[in-house]
Participant: 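Got a structure for you, questions after.
Note that the structure is predicted; figures quoted are calculated from it, not measured.
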Amino acid sequence: MKAYFVLLVVEGGHVKSQKSEEVAASGLKTAISLSEPDAPVPDLQAAPTDHDVLSEQQAPDAARMVATGGLAIILGQLVTYFTNRAQIDDLDVLSFSLHHLFCRVDFLYNQALPALASWTATAQGRAIQPEARQHVWTQLQTINRTLDRMEPLCHLLSDSTECILESFDLTSEMIPLPQEDQAREEEEANNEKGWLQITDPERWEQAFSSVTQHLLSWQQHHASLPAFISQFARLLPTIPSLPELDDAFANILDNAGAIFGDILPGFRALLSSDESMVAALLYDLMQQSDQLLVKFETTLEPMNALIKYYAIGPELS
């Protein structure tokens, strides 16, 4: 699997216009408001009283909260970068879809897929018990539902990115009148310095590090999981499309790593004058989202076949 992560060092100025401050603060507030995890809060009254067990249960939620907080800072920088270059509605949709896509990918690789592997391991080499069958079916449904939720998020992401790219191209092609040249250059310089300084470099690096650590946890969990063709080896003759699941989940991880580990941090290293690179990043973001949609499609047949098998049992299938 390719390496996703590059350390970015950016120098920024200290002057920005009042208008840029207002829009930047608004965009950052919107992104930060999305940093709250969408997983339910654990019921502390029903949780075990043992402190170590409770801490173990809360650790994944705490780690995700830190990572989504870091992501909110990165998204706030992205929104600020496109101040006056794209519609605020498109930027809101972009932030929303990226935040929730991050949360769904995190749930998939850190919780849902490992839970499925745990239950299939209990039935290796012997007839599966009714309770284990129910749990396997439940986990398959959970994974399938997670993919179903990710699909519309990717549609929103592709559409909003395309709209932002079109707006960005239009503003790039506008030719100002000669008397407007100097004012426009000054405004661009102020906007550039403002968006780079909306978050100080140290805080931004901390945010990037928290997101990076979470991406690494996805890779580590995925690398430790048995392949679907191993978990359901006895079903391979009746469900020959099982290998497509292993390929799909590996590629979903690659696409997600490219989005959150390469593309989004890439905007931090760019100057506003480097518009060709900005357009390239937007295009790459849209392409990665479209590739995710293709991979979701390939999971439909094998996932539905597995769900059907564990719903009705081999004796009725």
Side-chain angles (χ1 to χ4, degrees), residues 1-4 60 64 101-154 214-262 287-317:
M1 188 174 295
K2 67 179 182 179
Y4 299 135
R64 190 174 75 167
L101 182 62
F102 183 90
C103 292
R104 291 302 90 204
V105 174
D106 175 67
F107 175 75
L108 183 65
Y109 288 96
N110 279 348
Q111 297 184 48
L113 289 173
L116 174 65
S118 296
W119 282 108
T120 57
T122 64
Q124 293 296 330
R126 61 181 184 273
I128 187 170
Q129 298 300 312
E131 181 183 1
R133 172 181 292 277
Q134 175 67 28
H135 282 291
V136 171
W137 177 83
T138 299
Q139 290 304 318
L140 288 169
Q141 287 276 48
T142 298
I143 293 169
N144 204 41
R145 188 179 302 113
T146 301
L147 296 173
D148 286 344
R149 290 186 178 184
M150 291 166 67
E151 182 177 355
L153 292 172
C154 287
H214 226 58
L215 303 189
L216 288 172
S217 76
W218 300 349
Q219 290 180 293
Q220 292 166 356
H221 277 99
H222 183 255
S224 67
L225 294 175
F228 271 78
I229 56 176
S230 299
Q231 295 183 64
F232 304 100
R234 67 182 184 279
L235 300 181
L236 191 56
T238 56
I239 310 178
S241 57
L242 273 178
E244 295 180 11
L245 288 177
D246 292 316
D247 176 71
F249 286 115
N251 281 277
I252 289 171
L253 183 59
D254 281 340
N255 295 136
I259 290 173
F260 297 106
D262 285 335
Q287 188 176 45
Q288 295 292 338
S289 180
D290 290 340
Q291 289 175 3
L292 282 171
L293 289 170
V294 173
K295 289 306 174 183
F296 297 155
E297 186 73 21
T298 64
T299 67
L300 289 177
E301 181 182 347
M303 284 298 297
N304 287 333
L306 284 173
I307 290 171
K308 179 180 178 182
Y309 174 86
Y310 282 92
I312 64 178
E315 67 279 0
L316 299 177
S317 60

Participant: Any chance you could measure Ser241, atom OG, to Leu236, atom CG, to the nearest 0.5 Å?
Facilitator: 9.0 Å
Participant: Determine whether a donor-acceptor pair (N or O, by modelled atom type, separation under 3.5 Å) exists between the side chain of Ser289 and the backbone of Cys154.
Facilitator: yes
Participant: Starting at CD of Gln231, measure out to OG of Ser118 and round the result to the nearest 0.5 Å.
Facilitator: 9.0 Å
Participant: Taking all heavy atoms of Thr299 and all of Ala248, pick out the closest pair and write down the distance.
Facilitator: CG2-CB, 3.5 Å
Participant: Heavy atoms only: give me the nearest Tyr109-His221 pair and the separation to one decimal.
Facilitator: O-CB, 3.2 Å
Participant: Can you tell which of Gln141, Gln139, Arg133 makes a side-chain contact (heavy atoms from CB on, under 4.5 Å) with Tyr310?
Facilitator: Arg133
Participant: Quick one, Lys295 with Asp247, criterion side-chain contact (heavy atoms from CB on, under 4.5 Å). Give me CA distance, side-chain angles, the key distance, then yes/no.
Facilitator: CA-CA 9 Å; Lys295 289 306 174 183; Asp247 176 71; 3.0 Å; yes
Participant: Which value, rounded to the nearest 0.5 Å, describes the distance between Leu113 atom CG and His222 atom NE2?
Facilitator: 7.0 Å
Participant: Only one of Trp218, Phe296, Phe228 passes ring-ring contact (aromatic ring centres under 6.0 Å, His included) with Phe249; say which it is.
Facilitator: Phe228
Participant: Would you give the length of the straight line joining atom CG of Asp148 to atom CD1 of Ile143, rounded to the nearest 0.5 angstrom?
Facilitator: 12.0 Å
Participant: Hey, does Met150 have a side-chain heavy atom less than 4.5 Å from the side chain of Ile252?
Facilitator: yes
Participant: Do you know which two heavy atoms are closest between Leu101 and Leu153, and how far apart they sit?
Facilitator: N-CD1, 3.6 Å
Participant: Do Gln134 and Glu131 have side chains that get closer than 4.5 Å, going by heavy atoms?
Facilitator: no
Participant: Using a 4.5 Å cut-off on heavy atoms from C-beta on, say whether the side chain of Leu300 contacts that of Leu147.
Facilitator: no
Participant: Just to verify, what does Asp290 make a salt bridge (charged side-chain N to carboxylate O under 4.0 Å, His left out) with, not counting sequence neighbours?
Facilitator: none
Participant: Would Asn251 and Val294 count as a side-chain contact (heavy atoms from CB on, under 4.5 Å) if you check the C-alpha gap in whole Å, the side-chain angles of each, and the deciding distance to 0.1 Å?
Facilitator: CA-CA 10 Å; Asn251 281 277; Val294 173; over 6 Å; no
Participant: At what distance, to the nearest 0.5 angstrom, does CD of Glu301 lie from CG of Leu306?
Facilitator: 10.5 Å
Participant: How many angstroms lie between CZ in Arg149 and CG in Leu108, if you round to the nearest 0.5 Å?
Facilitator: 12.5 Å
Participant: What heavy-atom pair brings Pro302 and Thr298 nearest, and what distance separates the two atoms?
Facilitator: CD-O, 3.5 Å
Participant: Any side-chain heavy atom of Val136 within less than 4.5 Å of one from Phe232?
Facilitator: yes
Participant: For residues Gly257 and Leu215, report the shortest heavy-atom separation together with the two atoms involved.
Facilitator: O-CD1, 4.3 Å
Participant: Search all heavy atoms of Leu253 against all heavy atoms of Gln219 and return the closest pair with its distance.
Facilitator: CD2-CA, 4.0 Å
Participant: Less than 4.5 Å apart, any side-chain heavy atom of Phe102 and any of His214?
Facilitator: yes
